[in-house]
**Q** 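I am attaching a structure below and will ask some questions about it afterwards.
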Amino acid sequence: MLLRSLQRLMEAAQVVTSNGNADGDYQYEIISWFDSVSKNAAMVQTETLGQILHLNYGVEYLKKWFGDMKIQDMDACALESLYASLVPLASHADFEPFIQRIADGDTAPILTQQPITTLSLSSGTTEGRQKLLPFTRHSSQTTLHIYRLAAAYRSRVYPIREGGRILEFIYSSKQLKTKGGLTAGTATTHYYASEEFNIKQEKTKSFTCSPQEVIFGVAYKQSTYCHLLLGLLFWDEVELIASTFAYSIVQAFATFEEQWEEICSDIKDGTLSSRITLPRMRKAVLDIISPSPCLASQIEAICRDSKASNWYGIVPRLWPNAKYVYSIMTGSMQPYLKKLKHYAASLPLVSADYGSTEGWIGVNLDPCLPPEDVNFAVIPTFSYFEFIPLNKKKQDLTSGTVGYIEDEPVPLSQVKIGQEYELVLTTFTGLYRYRLGDVVEVAGFHNGTPKLNFIFRRELILTVNIDKNTENDLQLAVERGSEVLNKYGGELVDFTSHAEVMHQPGHYMIYWEIKGEVEERVLGECCGVMDASFVDHGYVVSRRTSSIGPLELCIVETGTFNKVLDYFIGNGAALGQFKTPRCTNNHILLRILNLCTIKRFHSTAYN
Ligand code: AMP
């Protein structure tokens, strides 16, 4: 009985999402829907797995493990335990040959019964290589669904005016055709091109400032200029400023600092800078703009004044009706938070939800929380989630693994507060017991569903020999070092790292792009502080015994990280999904970084 009503709830949510049959009570409905599924999260998960397996019964991948076993009549709970016992945990590498066949045009039911016609490219900036992943209508529907769920929670605290606009720094990637004729692009690109993106705008009655031609320009510098120009033109209608990842907003305002005079001149005369060369983008923007000399001089006055205070609080000054800034600010976006706070001043920052190209995971139910403290309530209807318990090793310095002992995966209903886990997904798009590689910690529960803190991605590890430092450890060390930099008036723009093992002894290299004039003595101090901030036992022991050499700080010239961005964009990434790789072994990237290095410092922390 309960199962049937849950099923109805799940279907109801899908109908609202796909058909857009929402009315004024939608926010109330979606919140009570989430209350209901989260109260019954364990059962909903069992059901969700059952649905995925029934939908994809007989596909090649599942046949490998289930053989000809008839699962249709099986009880959902029995199927859940059978699934965990027969189907192994897998990584992207295990799915790659299957996905490649789909990309090459094999239309047999390989991963899903419904043919897959679209593939997503992950940002590729986390593992250094873009991954191809299946994308289906379900993917767009869940994007719309989580967007509206999160919007319902946000509007309780920060209501926005209907009919207002969103200044969204969003960008599509190139859309490629695979050998088999399938469209491949970033997941966000597919979403912006989907019906769901339009439904979202119509039903939330909030419209993005830029037309499709700007979002789909695939020339991110031109798109950024137009986003800013149109955002200013609609200044009084803008209710919020948003992007997928915080990096794009910081990047956009760095552009604004450089190009505001040109933008103002375009607003004054109703013209468009010759920077915009794409004919479709030019036409679409010129169709919207008209001369607005009064507005231009107001903006100019604000900019002149703000420039004097290093652009502090420029966002609320230009968009006084904006209620908040909305973007992913956690994980690898944390280093941009300081700059974002600087631009936003008193305007609240709301950290956006947790997802991946593989699938959406959790929603931020507490928009008031500062971005540093935000967590994500798992949505139990989106995928079937398992959690691999990770326990830190007690100084097992000889092991080649990442410093964790892994226990058997547990279902969502068995996770414990305070425990760290690696996430495993079984999705409607054909991934089965797929290790996502993200480490999360259970912060608490919303009804029966866990709320997760994002900790870091597992693969990103700096290691020379017995040392193991994660993205988080690196971030902490860089934070310590940049505190020294800030004290002397410098500002860290971006950073990455590399474990140099070609020469003995190996050592860590940290690349910094900085702003402001800072004495060499200070940079030397920053270098030493970072070296001393890696507290991993393996690292400390190796540094003391000199089996790891002194940490090297490489200062790169201004604009180097824009070259890094351009390199990724040239390879099919999109600015909207871009994350600076925090640790790289990529030869081309290292060549860019080394060619751009203007100063080097070696730590004396262990002398
Ligand atoms: P992509 O490679 O573009 O699919 O990026 C997905 C990855 O971005 C996830 O697996 C996480 O590592 C990271 N990510 C996504 N959302 C968040 C978030 N809200 N907080 C922190 N990291 C996130």
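Source: prediction; values computed, not measured. Just follow the structure's listing: the first ligand is 1, and inside any ligand the first atom is 1. In what follows, every heavy atom counts, from backbone to side chain, and hydrogens, waters and symmetry copies are set aside.
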**Q** If you take the nearest heavy atom of each of Gly355, Ser351, Gly362, which one is closest to atom 14 (N) of ligand 1?
**A**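 Among Gly355, Ser351, Gly362, the closest heavy atom to atom 14 (N) of ligand 1 comes from Gly355.
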**Q** Do the two ring centres, one from His498 and one from Tyr511, sit under 6.0 Å apart?
**A**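 Judged by ring-centre distance (under 6.0 Å), His498 and Tyr511 do not meet the cut-off.
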**Q** Heavy atoms only, cut-off 4.0 Å: how does Ile328 contact ligand 1, side chain, backbone, both, or neither?
**A**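 Looking at Ile328 and ligand 1, just side chain atoms fall under 4.0 Å.
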**Q** Among residues two or more places apart or on two chains, list those pairs meeting salt bridge (Lys or Arg N to Asp or Glu O under 4.0 Å) that have a residue in residues 365-390.
**A**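 Listed once each, the pairs are Lys341-Glu372, Asp366-Lys451, Glu386-Arg433.
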**Q** Mind listing the closest non-hydrogen atom pair of Leu462 and Asp467 along with its distance?
**A**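 That closest heavy-atom pairing would be O-OD2, 3.7 Å.
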**Q** For ligand 1, note which part of Thr186 has a heavy atom under 4.0 Å away: side chain, backbone, both or neither.
**A**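 Thr186 to ligand 1: no contact under 4.0 Å from either part.
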**Q** Using heavy atoms and a threshold below 4.0 Å, how should the contact between Lys131 and ligand 1 be classified: side chain, backbone, both, or neither?
**A**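 For Lys131, there is no contact with ligand 1 at all, from either part.
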**Q** Using a strict cut-off of 4.0 Å, indicate which atoms of ligand 1 neighbour a heavy atom of Ser122.
**A**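 That gives atoms 2 (O) of ligand 1.
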**Q** Just heavy atoms, cut-off under 4.0 Å: does Thr330 contact ligand 1 by side chain, backbone, both, or neither?
**A**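 Both backbone and side chain.
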**Q** Taking distance alone, with N or O pairs closer than 3.5 Å, would you say Glu358 contacts ligand 1?
**A**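 By distance alone, the answer is no.
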**Q** For Ser356 and ligand 1, does the shortest N/O to N/O distance drop below 3.5 Å?
**A**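 The answer is no, given that Ser356 and ligand 1 share no N or O pair closer than 3.5 Å.
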**Q** Any heavy-atom pair between the side chains of Tyr220 and Phe578 that's under 4.5 Å?
**A**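 Result no, sub-4.5 Å side-chain heavy-atom pair not found.
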